[in-house]
Amino acid sequence: MSEKLKVGILGATGMVGQRFISLLENHPWFEVVTVAASPRSAGKTYEEAVGGRWKMDTPMPEAVKKLVVMNVNEVERVASTVDFVFSAVDMSKDEIRAIEEAYAKTETPVVSNNSAHRWTPDVPMVVPEINPEHFDVIEFQKKRLGTTRGFIAVKPNCSIQSYAPVLTAWKEFEPYEVVATTYQAISGAGKTFKDWPEMDGNIIPYIGGEEEKSEQEPLRIWGHIEDGVIVKAKEPVITCQCIRVPVLNGHTAAVFVKFRKKVTKEQLIEKLVNYKGLPQELALPSAPKQFIQYLEEDDRPQVRLDVDYERGMGVSVGRLREDTVYDWKFVGLSHNTVRGAAGGAVLCAETLKAKGYITAK
(Lines give C-alpha, C1' and ligand atoms only; values in the text may rest on other atoms or scores of the structure.)
Protein backbone atom coordinates (compact mmCIF):
# COMPACT_ATOMS: atom_id res chain seq x y z
CA MET A 1 0.00 0.00 0.00
CA SER A 2 1.41 3.38 -1.01
CA GLU A 3 2.30 5.78 1.80
CA LYS A 4 2.28 8.66 -0.68
CA LEU A 5 -0.26 11.45 -0.39
CA LYS A 6 -3.03 11.19 -2.98
CA VAL A 7 -3.07 14.16 -5.34
CA GLY A 8 -5.67 15.49 -7.75
CA ILE A 9 -4.91 17.91 -10.59
CA LEU A 10 -7.65 20.39 -11.49
CA GLY A 11 -7.29 21.52 -15.10
CA ALA A 12 -5.14 18.47 -15.84
CA THR A 13 -5.39 18.61 -19.65
CA GLY A 14 -3.91 22.13 -20.12
CA MET A 15 -0.23 22.98 -20.42
CA VAL A 16 0.35 23.64 -16.71
CA GLY A 17 -1.71 20.58 -15.79
CA GLN A 18 0.50 18.52 -18.10
CA ARG A 19 3.61 20.00 -16.46
CA PHE A 20 2.25 18.97 -13.05
CA ILE A 21 1.77 15.44 -14.31
CA SER A 22 5.27 15.21 -15.78
CA LEU A 23 6.90 16.68 -12.63
CA LEU A 24 4.98 14.37 -10.29
CA GLU A 25 5.94 11.18 -12.12
CA ASN A 26 7.83 9.06 -9.54
CA HIS A 27 7.58 11.81 -6.89
CA PRO A 28 8.70 10.38 -3.52
CA TRP A 29 5.86 11.97 -1.52
CA PHE A 30 2.94 12.54 -3.90
CA GLU A 31 1.00 10.31 -6.29
CA VAL A 32 -1.45 11.56 -8.92
CA VAL A 33 -4.61 9.50 -8.47
CA THR A 34 -7.21 11.89 -9.90
CA VAL A 35 -7.28 14.13 -12.98
CA ALA A 36 -10.13 16.60 -13.40
CA ALA A 37 -10.96 18.94 -16.25
CA SER A 38 -13.89 20.57 -18.03
CA PRO A 39 -17.13 18.63 -18.63
CA ARG A 40 -16.13 18.11 -22.30
CA SER A 41 -13.13 16.02 -21.19
CA ALA A 42 -14.93 14.19 -18.36
CA GLY A 43 -15.50 10.47 -18.85
CA LYS A 44 -12.61 10.05 -21.29
CA THR A 45 -9.29 8.54 -20.34
CA TYR A 46 -6.58 11.15 -19.76
CA GLU A 47 -4.82 9.93 -22.92
CA GLU A 48 -8.01 10.37 -24.99
CA ALA A 49 -8.84 13.76 -23.44
CA VAL A 50 -5.40 15.22 -24.19
CA GLY A 51 -5.21 13.56 -27.60
CA GLY A 52 -2.54 15.20 -29.78
CA ARG A 53 -2.22 18.17 -27.38
CA TRP A 54 0.52 16.72 -25.12
CA LYS A 55 3.02 19.61 -24.99
CA MET A 56 5.81 18.25 -22.79
CA ASP A 57 9.22 17.13 -24.11
CA THR A 58 8.94 13.84 -22.17
CA PRO A 59 6.30 11.19 -22.95
CA MET A 60 3.00 11.11 -21.07
CA PRO A 61 3.56 8.99 -17.91
CA GLU A 62 2.01 5.52 -18.23
CA ALA A 63 0.46 5.81 -14.76
CA VAL A 64 -1.94 8.58 -15.84
CA LYS A 65 -2.86 7.47 -19.37
CA LYS A 66 -5.79 5.30 -18.32
CA LEU A 67 -7.07 7.51 -15.48
CA VAL A 68 -10.62 8.56 -16.30
CA VAL A 69 -10.97 12.33 -16.30
CA MET A 70 -13.44 13.61 -13.72
CA ASN A 71 -15.61 16.72 -14.08
CA VAL A 72 -13.81 19.47 -12.17
CA ASN A 73 -17.18 21.02 -11.24
CA GLU A 74 -18.20 17.90 -9.27
CA VAL A 75 -16.27 19.22 -6.29
CA GLU A 76 -17.38 16.77 -3.57
CA ARG A 77 -16.82 13.78 -5.83
CA VAL A 78 -13.31 14.83 -6.89
CA ALA A 79 -12.32 15.90 -3.37
CA SER A 80 -13.38 12.55 -1.88
CA THR A 81 -10.65 10.76 -3.87
CA VAL A 82 -7.62 12.84 -2.80
CA ASP A 83 -5.65 14.29 0.13
CA PHE A 84 -5.05 17.62 -1.66
CA VAL A 85 -5.22 19.18 -5.13
CA PHE A 86 -3.11 21.29 -7.45
CA SER A 87 -5.19 23.84 -9.35
CA ALA A 88 -4.46 24.85 -12.94
CA VAL A 89 -8.03 25.42 -14.11
CA ASP A 90 -8.72 27.65 -17.08
CA MET A 91 -11.73 29.75 -16.07
CA SER A 92 -12.56 33.37 -15.32
CA LYS A 93 -11.01 34.82 -12.14
CA ASP A 94 -14.38 34.83 -10.33
CA GLU A 95 -15.01 31.20 -11.30
CA ILE A 96 -11.52 30.19 -10.15
CA ARG A 97 -11.95 31.96 -6.80
CA ALA A 98 -15.29 30.20 -6.28
CA ILE A 99 -14.17 26.70 -7.25
CA GLU A 100 -10.90 26.85 -5.27
CA GLU A 101 -12.83 27.95 -2.17
CA ALA A 102 -15.37 25.18 -2.77
CA TYR A 103 -12.56 22.57 -2.78
CA ALA A 104 -11.00 24.09 0.36
CA LYS A 105 -14.39 23.87 2.12
CA THR A 106 -14.45 20.10 1.50
CA GLU A 107 -11.36 20.05 3.80
CA THR A 108 -9.10 19.59 0.77
CA PRO A 109 -6.00 21.84 0.65
CA VAL A 110 -5.64 23.64 -2.70
CA VAL A 111 -2.18 24.60 -4.00
CA SER A 112 -2.89 26.87 -6.94
CA ASN A 113 -0.95 27.98 -9.98
CA ASN A 114 -3.70 30.51 -10.79
CA SER A 115 -3.60 34.24 -10.11
CA ALA A 116 -7.20 34.55 -8.85
CA HIS A 117 -6.37 34.31 -5.13
CA ARG A 118 -2.96 36.04 -5.17
CA TRP A 119 -4.40 39.17 -3.55
CA THR A 120 -6.94 37.50 -1.25
CA PRO A 121 -5.67 38.99 2.05
CA ASP A 122 -5.45 35.71 4.01
CA VAL A 123 -4.18 33.51 1.16
CA PRO A 124 -0.40 33.03 1.25
CA MET A 125 1.47 33.67 -2.02
CA VAL A 126 4.81 31.99 -1.55
CA VAL A 127 8.21 31.36 -3.08
CA PRO A 128 9.38 28.80 -0.50
CA GLU A 129 12.97 30.09 -0.43
CA ILE A 130 11.77 33.64 0.24
CA ASN A 131 8.65 33.78 2.45
CA PRO A 132 7.59 30.37 3.84
CA GLU A 133 6.53 32.14 7.06
CA HIS A 134 3.53 33.52 5.11
CA PHE A 135 1.99 30.03 5.35
CA ASP A 136 1.22 31.01 8.98
CA VAL A 137 -1.70 33.10 7.65
CA ILE A 138 -3.47 29.82 6.75
CA GLU A 139 -4.77 29.53 10.35
CA PHE A 140 -6.66 32.82 9.90
CA GLN A 141 -7.95 31.72 6.48
CA LYS A 142 -9.30 28.46 7.94
CA LYS A 143 -11.30 30.45 10.50
CA ARG A 144 -12.85 32.48 7.67
CA LEU A 145 -13.63 29.39 5.61
CA GLY A 146 -14.83 27.37 8.62
CA THR A 147 -12.40 24.53 7.88
CA THR A 148 -10.02 22.43 9.96
CA ARG A 149 -7.63 21.27 7.21
CA GLY A 150 -8.90 22.89 3.99
CA PHE A 151 -7.21 26.05 2.69
CA ILE A 152 -5.80 27.74 -0.43
CA ALA A 153 -2.14 28.60 -1.02
CA VAL A 154 -0.79 30.09 -4.25
CA LYS A 155 2.51 30.67 -5.98
CA PRO A 156 3.31 34.01 -7.64
CA ASN A 157 3.55 34.94 -11.30
CA CYS A 158 6.20 33.32 -13.49
CA SER A 159 7.62 36.68 -14.59
CA ILE A 160 9.05 37.65 -11.17
CA GLN A 161 11.11 34.49 -10.57
CA SER A 162 14.13 35.75 -12.50
CA TYR A 163 14.60 38.87 -10.35
CA ALA A 164 12.63 38.71 -7.06
CA PRO A 165 14.94 36.01 -5.58
CA VAL A 166 17.98 38.10 -6.61
CA LEU A 167 16.64 41.23 -4.91
CA THR A 168 15.80 39.13 -1.83
CA ALA A 169 19.40 37.90 -1.64
CA TRP A 170 20.49 41.58 -1.68
CA LYS A 171 17.98 42.76 0.93
CA GLU A 172 20.61 43.91 3.47
CA PHE A 173 21.96 46.42 0.93
CA GLU A 174 18.47 48.01 0.79
CA PRO A 175 17.42 48.08 -2.86
CA TYR A 176 14.80 50.82 -3.14
CA GLU A 177 14.21 51.43 -6.85
CA VAL A 178 14.11 48.81 -9.63
CA VAL A 179 13.52 48.93 -13.39
CA ALA A 180 12.90 45.52 -14.99
CA THR A 181 12.15 44.44 -18.54
CA THR A 182 11.09 40.81 -18.92
CA TYR A 183 11.43 38.84 -22.15
CA GLN A 184 8.84 36.12 -21.76
CA ALA A 185 8.50 32.72 -23.43
CA ILE A 186 5.40 31.67 -25.34
CA SER A 187 4.73 28.71 -23.03
CA GLY A 188 3.76 31.39 -20.48
CA ALA A 189 0.66 31.84 -22.64
CA GLY A 190 0.11 28.07 -22.74
CA LYS A 191 1.33 27.93 -26.34
CA THR A 192 3.89 26.17 -28.49
CA PHE A 193 5.17 27.41 -31.87
CA LYS A 194 2.79 24.93 -33.51
CA ASP A 195 -0.16 26.67 -31.78
CA TRP A 196 1.19 30.18 -32.33
CA PRO A 197 3.10 30.32 -35.66
CA GLU A 198 2.89 34.13 -35.78
CA MET A 199 5.34 34.26 -32.84
CA ASP A 200 8.09 32.69 -34.95
CA GLY A 201 10.61 35.50 -35.57
CA ASN A 202 8.34 38.00 -33.83
CA ILE A 203 8.18 40.10 -30.64
CA ILE A 204 4.94 41.40 -29.10
CA PRO A 205 5.47 44.32 -26.68
CA TYR A 206 2.37 43.61 -24.59
CA ILE A 207 1.22 40.79 -22.27
CA GLY A 208 -2.13 41.57 -20.65
CA GLY A 209 -1.96 42.20 -16.90
CA GLU A 210 1.65 41.11 -16.68
CA GLU A 211 3.30 44.44 -15.88
CA GLU A 212 1.14 45.11 -12.85
CA LYS A 213 1.81 41.59 -11.53
CA SER A 214 5.54 42.01 -12.11
CA GLU A 215 5.59 45.30 -10.20
CA GLN A 216 3.26 44.42 -7.31
CA GLU A 217 3.60 40.70 -6.53
CA PRO A 218 7.20 40.93 -5.24
CA LEU A 219 5.99 43.51 -2.69
CA ARG A 220 3.40 41.06 -1.37
CA ILE A 221 6.05 38.33 -1.09
CA TRP A 222 8.28 40.73 0.89
CA GLY A 223 5.36 41.77 3.11
CA HIS A 224 4.38 40.63 6.60
CA ILE A 225 1.38 39.20 8.43
CA GLU A 226 -0.60 41.70 10.49
CA ASP A 227 -4.05 41.10 12.06
CA GLY A 228 -4.53 37.88 10.10
CA VAL A 229 -3.76 39.28 6.65
CA ILE A 230 -0.66 39.85 4.54
CA VAL A 231 0.40 43.49 4.29
CA LYS A 232 2.65 44.20 1.30
CA ALA A 233 6.06 45.86 1.59
CA LYS A 234 6.48 49.46 0.42
CA GLU A 235 9.93 49.01 -1.18
CA PRO A 236 11.65 48.55 -3.50
CA VAL A 237 9.48 50.43 -5.95
CA ILE A 238 9.46 48.43 -9.21
CA THR A 239 8.55 49.56 -12.72
CA CYS A 240 8.33 46.93 -15.42
CA GLN A 241 7.81 46.25 -19.12
CA CYS A 242 6.86 42.73 -20.24
CA ILE A 243 7.59 41.58 -23.78
CA ARG A 244 6.66 38.29 -25.48
CA VAL A 245 9.61 36.83 -27.40
CA PRO A 246 10.02 33.81 -29.74
CA VAL A 247 11.33 31.41 -27.08
CA LEU A 248 9.49 28.25 -25.97
CA ASN A 249 10.55 28.10 -22.29
CA GLY A 250 12.42 30.62 -20.13
CA HIS A 251 11.72 34.15 -18.95
CA THR A 252 14.71 36.52 -19.04
CA ALA A 253 14.83 39.82 -17.16
CA ALA A 254 17.11 42.84 -17.66
CA VAL A 255 17.13 44.67 -14.34
CA PHE A 256 18.50 47.99 -12.98
CA VAL A 257 18.74 48.57 -9.21
CA LYS A 258 19.40 51.50 -6.87
CA PHE A 259 20.68 50.67 -3.36
CA ARG A 260 20.76 52.78 -0.21
CA LYS A 261 24.02 51.13 0.87
CA LYS A 262 27.30 51.05 -1.01
CA VAL A 263 28.10 47.54 -2.21
CA THR A 264 30.76 45.85 -4.31
CA LYS A 265 30.31 43.35 -7.13
CA GLU A 266 32.04 40.70 -5.02
CA GLN A 267 29.59 41.23 -2.16
CA LEU A 268 26.59 41.02 -4.52
CA ILE A 269 27.80 37.77 -6.13
CA GLU A 270 28.65 36.24 -2.74
CA LYS A 271 25.08 36.89 -1.52
CA LEU A 272 23.62 35.28 -4.66
CA VAL A 273 25.59 32.05 -4.65
CA ASN A 274 25.22 31.52 -0.89
CA TYR A 275 21.51 32.30 -0.75
CA LYS A 276 19.53 29.44 0.79
CA GLY A 277 16.03 29.04 2.11
CA LEU A 278 13.87 26.53 3.96
CA PRO A 279 13.65 24.11 0.96
CA GLN A 280 17.47 23.79 0.93
CA GLU A 281 17.65 23.37 4.73
CA LEU A 282 14.98 20.62 4.62
CA ALA A 283 16.37 19.09 1.37
CA LEU A 284 12.86 18.96 -0.10
CA PRO A 285 12.50 16.65 -3.13
CA SER A 286 12.02 19.43 -5.72
CA ALA A 287 14.37 21.98 -4.12
CA PRO A 288 17.40 23.07 -6.13
CA LYS A 289 20.60 22.36 -4.20
CA GLN A 290 21.83 25.81 -5.20
CA PHE A 291 18.94 28.20 -5.76
CA ILE A 292 20.85 30.96 -7.64
CA GLN A 293 23.92 30.52 -9.83
CA TYR A 294 26.12 33.36 -11.07
CA LEU A 295 27.65 33.02 -14.54
CA GLU A 296 30.83 35.00 -15.27
CA GLU A 297 30.73 34.82 -19.09
CA ASP A 298 29.62 37.98 -20.90
CA ASP A 299 27.05 36.11 -22.99
CA ARG A 300 25.24 34.29 -20.17
CA PRO A 301 22.65 33.42 -19.00
CA GLN A 302 21.24 32.03 -22.23
CA VAL A 303 17.91 30.23 -22.56
CA ARG A 304 19.42 27.36 -24.56
CA LEU A 305 22.26 26.76 -22.12
CA ASP A 306 20.79 27.69 -18.76
CA VAL A 307 16.99 27.38 -18.62
CA ASP A 308 17.15 23.83 -17.21
CA TYR A 309 19.59 24.72 -14.42
CA GLU A 310 18.74 22.61 -11.34
CA ARG A 311 16.05 20.78 -13.36
CA GLY A 312 14.41 24.13 -14.13
CA MET A 313 14.05 24.99 -10.42
CA GLY A 314 17.09 27.31 -10.13
CA VAL A 315 17.67 30.93 -11.16
CA SER A 316 20.61 31.96 -13.37
CA VAL A 317 22.16 35.43 -13.12
CA GLY A 318 24.87 37.13 -15.21
CA ARG A 319 26.12 40.45 -16.61
CA LEU A 320 26.24 42.09 -13.17
CA ARG A 321 27.91 45.46 -13.63
CA GLU A 322 27.84 49.04 -12.41
CA ASP A 323 25.44 51.37 -14.18
CA THR A 324 25.78 55.07 -15.07
CA VAL A 325 22.21 55.99 -14.04
CA TYR A 326 21.32 53.27 -11.51
CA ASP A 327 23.82 51.59 -9.16
CA TRP A 328 23.94 48.06 -10.62
CA LYS A 329 22.35 46.10 -13.45
CA PHE A 330 22.07 42.37 -14.19
CA VAL A 331 20.32 39.78 -16.34
CA GLY A 332 18.30 36.96 -14.75
CA LEU A 333 16.74 33.81 -16.22
CA SER A 334 14.23 31.31 -14.85
CA HIS A 335 12.15 28.45 -16.28
CA ASN A 336 8.64 29.84 -16.48
CA THR A 337 6.65 26.58 -16.46
CA VAL A 338 8.86 24.73 -13.96
CA ARG A 339 10.04 27.19 -11.26
CA GLY A 340 7.54 29.77 -12.48
CA ALA A 341 4.47 27.54 -12.55
CA ALA A 342 3.97 23.86 -11.75
CA GLY A 343 7.40 23.25 -10.17
CA GLY A 344 7.00 26.26 -7.88
CA ALA A 345 3.60 24.94 -6.79
CA VAL A 346 5.01 21.44 -6.16
CA LEU A 347 7.74 22.97 -3.99
CA CYS A 348 5.04 24.92 -2.10
CA ALA A 349 3.17 21.65 -1.49
CA GLU A 350 6.35 19.95 -0.27
CA THR A 351 6.95 22.86 2.13
CA LEU A 352 3.35 22.69 3.34
CA LYS A 353 3.70 18.95 3.96
CA ALA A 354 7.00 19.49 5.81
CA LYS A 355 5.31 22.16 7.98
CA GLY A 356 2.34 19.86 8.74
CA TYR A 357 -0.34 21.72 6.75
CA ILE A 358 -0.90 18.91 4.21
CA THR A 359 -1.50 15.45 5.65
CA ALA A 360 -3.37 12.30 4.63
CA LYS A 361 -7.16 12.61 5.05
Side-chain angles (χ1 to χ4, degrees), residues 14-16 18-19 22 53-58 88 90 113-115 127 155-167 178-218 238-257 292-295 297-321 323 326 328-344:
M15 184 179 260
V16 176
Q18 292 177 25
R19 180 67 75 182
S22 64
R53 294 180 298 110
W54 181 254
K55 295 178 179 180
M56 300 298 105
D57 296 334
T58 51
D90 183 13
N113 182 71
N114 294 305
S115 64
V127 176
K155 52 143 287 296
N157 198 44
C158 51
S159 64
I160 74 169
Q161 313 284 337
S162 52
Y163 59 90
V166 176
L167 297 170
V178 176
V179 175
T181 302
T182 58
Y183 303 88
Q184 299 187 203
I186 64 171
S187 57
K191 308 275 194 189
T192 64
F193 285 108
K194 186 174 148 204
D195 309 323
W196 203 0
E198 57 270 40
M199 270 310 298
D200 191 6
N202 193 20
I203 282 176
I204 297 176
Y206 173 72
I207 306 171
E210 204 75 359
E211 286 161 3
E212 185 187 11
K213 292 175 192 172
S214 302
E215 292 169 355
Q216 293 298 316
E217 288 188 14
I238 302 170
T239 183
C240 203
Q241 293 203 91
C242 298
I243 296 171
R244 188 75 72 194
V245 294
V247 163
L248 180 59
N249 293 310
H251 287 358
T252 300
V255 186
F256 300 77
V257 191
I292 305 172
Q293 69 167 342
Y294 185 76
L295 300 159
E297 299 92 330
D298 288 339
D299 61 353
R300 303 281 285 277
Q302 287 182 32
V303 169
R304 282 199 173 174
L305 301 176
D306 304 309
V307 76
D308 291 319
Y309 167 63
E310 288 279 13
R311 308 177 319 283
M313 288 297 286
V315 177
S316 298
V317 177
R319 300 214 70 212
L320 176 63
R321 58 220 193 276
D323 187 56
Y326 279 64
W328 292 89
K329 54 191 170 188
F330 70 92
V331 174
L333 169 68
S334 60
H335 197 306
N336 56 295
T337 66
V338 182
R339 168 56 77 166

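Lys155 places a side-chain N or O within 3.5 Å of a backbone atom of Gly340 that can act as its donor or acceptor partner. In this structure, Gln241 contributes its side chain and Thr181 its backbone to no donor-acceptor pair below 3.5 Å.
Counting heavy atoms from C-beta outward, Val166 and Val255 have side chains that stay 4.5 Å or more apart. Counting only heavy atoms from C-beta outward, the side chains of Val178 and Glu215 never approach each other to under 4.5 Å. A 4.5 Å side-chain heavy-atom check between Val317 and Pro301 finds every atom pair outside the cut-off. Contact of the Ile203 side chain with the Tyr183 side chain is not registered, since no non-hydrogen atoms from C-beta on lie closer than 4.5 Å.
Taking every heavy atom of both residues into account, Arg319 and Arg300 meet most closely at CG-O, 3.7 Å. Taking all atoms of both residues into account, the shortest heavy-atom contact from Lys194 to Pro197 is O-CD, 3.7 Å. Scanning both residues, Trp196 and Ile204, for their nearest heavy atoms gives CZ2-CD1, 4.0 Å. Val16 approaches Ala342 most closely through the heavy-atom pair O-CB, 4.1 Å. Considering every non-hydrogen atom in both Thr58 and Trp54, the closest pair reads O-NE1, 2.7 Å. Nearest heavy atoms, Tyr309 versus Ile292: OH-C, 4.0 Å.
By the neighbour-count criterion of 12 heavy atoms within 6.0 Å, atom CG of Asp299 is densely surrounded, having more than that number from other residues, nucleotides or ligands. When the shell of 6.0 Å around CD of Gln302 is examined, it contains more than 12 heavy atoms from other residues, nucleotides or ligands.
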Side-chain donor-acceptor pairs under 3.5 Å in residues 247-254, sequence neighbours left out?
from: Asn249; atom 1: OD1; to: Ser187; atom 2: OG; distance (Å): 2.8
from: His251; atom 1: ND1; to: Ala185; atom 2: N; distance (Å): 3.0

Please tabulate, for side-chain N and O atoms in residues 156-163, each donor-acceptor pair with protein atoms closer than 3.5 Å (sequence neighbours left out).
from: Asn157; atom 1: ND2; to: Ser159; atom 2: OG; distance (Å): 2.7
from: Asn157; atom 1: ND2; to: Glu210; atom 2: OE2; distance (Å): 2.8
from: Ser159; atom 1: OG; to: Ser214; atom 2: OG; distance (Å): 2.8
from: Gln161; atom 1: NE2; to: Asn157; atom 2: O; distance (Å): 3.3
from: Tyr163; atom 1: OH; to: Ser214; atom 2: O; distance (Å): 2.7

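The CZ atom of Phe256 sits 14.0 Å away from the CH2 atom of Trp328 when rounded to the nearest 0.5 Å. If you take OH on Tyr294 and OG on Ser316, they are separated by 12.0 Å, rounding to the nearest 0.5 Å. We find the CZ-CD distance between Arg53 and Gln18 to be 7.0 Å, quoted to the nearest 0.5 Å. Within the model, atoms OG1 of Thr182 and CD1 of Ile243 stand 7.5 Å from one another, a figure rounded to the nearest 0.5 Å. With rounding to the nearest 0.5 Å, the separation of CG in Asp90 from CE in Met15 is 12.5 Å. Here Leu295 contributes atom CG and Leu305 contributes atom CG; the two are 9.0 Å apart, rounded to the nearest 0.5 Å.
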For side chain to side chain contact (heavy atoms under 4.5 Å, CB included), just list the numbers for Arg244 and Asn202, CA-CA rounded to whole Å, side-chain angles, deciding distance to a tenth of an Å, and then say yes or no.
CA-CA 9 Å; Arg244 188 75 72 194; Asn202 193 20; over 6 Å; no
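Residues Thr337 and Arg19 have side chains that bring a donor and an acceptor to within less than 3.5 angstrom of each other.
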